[in-house]
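In what follows, a single structure is set out as structure tokens and then discussed.
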Amino acid sequence: MLSSSNVSPSNYTFTSVIKSSADLCELKIGKGVHCHAVVSGFGLDSYVQASFVALYAKCGDVGGARKVFDEMPVKSVVAWNSLVSGLEQNGLGGEAIRVFYQMRESGLEPDSATFVSVLSACAQTGGIGLGSWVHRYIVDNGLELNVKLGTALVNLYSRCGDVGKARGVFDEMKETNVAAWTAMISAYGSHGCGKKAVEFFNKMEDDDGPIPNDVTFVAVLSACAHAGLVEEGRSVYKRMSKRYGLVPRVEHHVCMVDMLGRAGFLDEAYSFIHELDAAGKATSPALWTAMLGACKMHRNYDLGVEIAKRLIALEPENPGHHVMLSNIYALSGKTDEVSHVRDGMIKNNLRKQVGYSVIEVEKKTYMFSMGDESHPETGEIYKYLETLMSRCKEIGYAPVSEEVMHQVEEEEKEYALRYHSEKLAVAFGLLKTVDEAITVVKNLRICEDCHAAFKYISIVSNRQIIVRDKLRFHHFQNGSCSCLDYW
DNA sequence: GTAGGGTTAG
């Protein structure tokens with residue numbers, strides 16, 4: 001158009017080209033188009049500007065998106081929505097929620113696209129307070145519960161710990177599609193209800209529901225993996241290509257390795273990887289990461305060390321692999337090797353992620369980190385936690401020994417401070433509420449010791465404790481956990 | 001005939 005025609009691009013042209021760049025994640029091309037649009041005099045067009053906010057956000061350049069947005073003289077609802085969804089999709093749920101409040105202060109009326117992004121942000125951060133407010137707002141203002149909004153609500157309730165409510169919303173939806181069904185299957189799976197996930201998938205196949213896609217299969221296989229449903233998983237995996245003509249991708253392979261490995265079929269998991277390798281299908285580090293998890297779980301230290309070393313050679317910058325190697329050495333009692341790995345990490349400036357836990361009490365959010373003393377009621381929380389722990393010990397709780405704890409530690413550790421963030425959050429929650437179940441959201445995986453402790457705490461406090469960790473949910477009640485210790 | 005929204009492993 002530019003080189004061989006006499007027509008000049010209009011604002012319509014630019015928005016379309018910018019959207020294409022965004023869909024292709026072509027930030028460089030997009031930036032070129034941005035310059036071109038400004039030079040051509042469309043820099044202040046509301047449509048063009050909004051599309052640039054989305055472009056930068058979709059390409060992961062949150063700063064760039066913000067800059068364009070801040071410089072807009074008049075900010076449209078779509079521009080606000082682009083920023084909110086951009087932040088949420090880049091993992092900045094808290095930031096997205098702050099921007100949503102600013103949008104309200106500016107006096108603009110949010111629409112259903114705003115709410116979809118805000119609900120996703122709430123799901124991400126565990127913000128059920130705002131999330132259920134949005135749900136009420138939708139109902140009170142008679143907003144139509146379309147598929148995307150409904151699915152966002154299903155996801156919200158699932159990721160905030162209430163599968164029942166998630167299902168309630170699903171049943172209320174007038175129209176459903178494959179994403180809605182997949183969200184529901186994933187809800188059952190992440191709460192350890194593998195059987196229900198498979199039943200729901202079968203229902204989808206039988207009751208002329210939507211045709212499952214590759215994402216659906218990831219959700220079903222993952223549900224099988226976490227519930228020990230090996231036979232069901234194998235059958236689903238076969239059906240995927242036979243009945244639906246879908247070609248399994250790395251994600252599906254990882255689920256299979258994870259499923260076989262968790263169930264203790266280490267040999268089979270291992271040969272599954274080798275068969276893929278022999279078939280020339282690119283073997284991704286993720287497959288070995290899943291295999292490594294199985295080795296640790298089933299205490300196969302020799303194979304674990306071998307795989308961890310292989311992974312470190314493949315991805316030397318990934319701190320997770322070093323932590324795994326160190327943990328396996330610690331569990332097998334090789335203290336010297338542990339220090340060796342740790343020293344190497346420090347030398348190469350590889351830091352573990354810092355863990356934190358969040359709990360909402362009466363619509364206010366409280367964040368705890370390990371050994372945290374920033375909370376005004378710290379003294380009281382620690383004292384209550386001590387009481388809880390000693391009552392747990394009376395009925396059989398044995399803490400994982402200090403020695404192993406320090407070595408297997410997955411969070412930043414301070415010797416003088418003994419409690420993980422999730423223990424502090426749980427103690428705080430029990431202290432501040434009566435009778436109801438408490439829900440804690442953690443950014444990393446829950447540790448073995450806290451997992452054991454919460455089972456006992458659920459008995460001595462006679463409460464249900466729900467913990468969402470990086471991957472899934474744990475419902476502690478009457479001394480046992482919904483994951484059946486099958487992480 | 002232009003811009004924004006939901007589901008996925010480790």
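So you know, we letter chains A, B, ... as the sequences are listed, proteins then strands, and number each from 1. Quantities reported herein were computed from a predicted structural model and do not represent experimental measurements.
Residue contacts shown for A/V154 are absent, as no nucleic acid heavy atom lies under 4.0 Å away. At a threshold of 4.0 angstrom between heavy atoms, the contacts of A/D45 with the nucleic acid are absent. Nucleic acid contact for A/N177: base, since at least one base atom lies under 4.0 Å from a heavy atom of the residue.
Side-chain atoms of A/C481 and A/F454, non-hydrogen and from C-beta on, never get closer than 4.5 Å to each other.
Looking at A/S85, its side chain has no donor and acceptor atom pair within 3.5 Å of the base of B/dG5.
Counting only residues at least two apart or in different chains, ring pair (Phe, Tyr, Trp, His ring centres under 6.0 Å) contacts with residues 92-127 of chain A comprise A/F115-A/Y137. Sorted pairs that involve residues 135-156 of chain A and meet salt bridge (charged side-chain N to carboxylate O under 4.0 Å, His left out), not counting sequence neighbours, are lacking altogether. Listed by first then second residue, pairs satisfying ring pair (Phe, Tyr, Trp, His ring centres under 6.0 Å) with a partner in residues 141-165 of chain A read A/H135-A/Y157, not counting sequence neighbours. Applying the salt bridge (charged side-chain N to carboxylate O under 4.0 Å, His left out) test to pairs two or more places apart or on separate chains, those with a residue in residues 226-239 of chain A are A/E205-A/R239, A/E231-A/R234, A/R234-A/E268. Sorted by first and then second residue, the ring pair (Phe, Tyr, Trp, His ring centres under 6.0 Å) pairs involving residues 72-92 of chain A (not counting sequence neighbours) are A/F69-A/W80.
For the segment residues 114-121 of chain A, residues with any heavy atom less than 4.0 angstrom from an atom of DNA chain B are, sorted by number, A/V116, A/S117, A/S120. For the segment residues 133-149 of chain A, the set of residues with a heavy atom within less than 4.0 Å of an atom of DNA chain B comprises A/N146, A/V147, A/K148, in numerical order. Shown for residues 64-74 of chain A: no residue has heavy atoms falling under 4.0 angstrom of DNA chain B. In the region residues 19-38 of chain A, proximity to DNA chain B at under 4.0 angstrom, judged on heavy atoms, holds for A/K19.
Within the 4.0 Å cut-off from OP1 or OP2 of B/dG6, not a single side-chain nitrogen or oxygen of A/N155 is found. A close approach under 4.0 Å does occur between a side-chain nitrogen or oxygen of A/S186 and OP1 or OP2 of B/dT8. At B/dG10, none of the side-chain N or O atoms of A/H252 fall inside 4.0 Å of OP1 or OP2 (strictly under the cut-off).
The side chain of A/S51 sits closest to B/dA3 out of B/dT7, B/dG5, B/dA3. Nearest to the side-chain atoms of A/K58 among the listed nucleotides B/dG5, B/dA3, B/dA9 stands B/dG5. Closest to the A/T15 side chain, of the nucleotides B/dG10, B/dT2, B/dG6, is B/dT2.
Considering only residues two or more places apart in sequence or on other chains, A/R66 meets the side-chain hydrogen bond (donor to acceptor under 3.5 Å, both in side chains) condition with none of them. A/F473 meets the ring-ring contact (aromatic ring centres under 6.0 Å, His included) test with A/H191; sequence neighbours excluded. In this structure, A/S284 has no side-chain hydrogen bond (donor to acceptor under 3.5 Å, both in side chains) partners at least two apart in sequence or on a different chain.
The separation between A/M184 atom CE and B/dG6 atom P is 19 Å, rounded to whole Å.
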- Output, in order, the C-alpha distance, side-chain angles, deciding distance and verdict of side chain to side chain contact (heavy atoms under 4.5 Å, CB included) for A/V358 and A/Y356. CA-CA 7 Å; A/V358 171; A/Y356 63 84; 4.0 Å; yes
- Report the C-alpha separation of A/K203 and A/E199 in whole Å, then their side-chain angles, then the decisive distance to 0.1 Å, and conclude whether the salt bridge (Lys or Arg N to Asp or Glu O under 4.0 Å) test is met. CA-CA 6 Å; A/K203 193 168 139 66; A/E199 275 169 27; over 6 Å; no
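The existence of a salt bridge linking A/D469 and A/R445 is confirmed by a sub-4.0 Å separation between a basic side-chain nitrogen and an acidic carboxylate oxygen.
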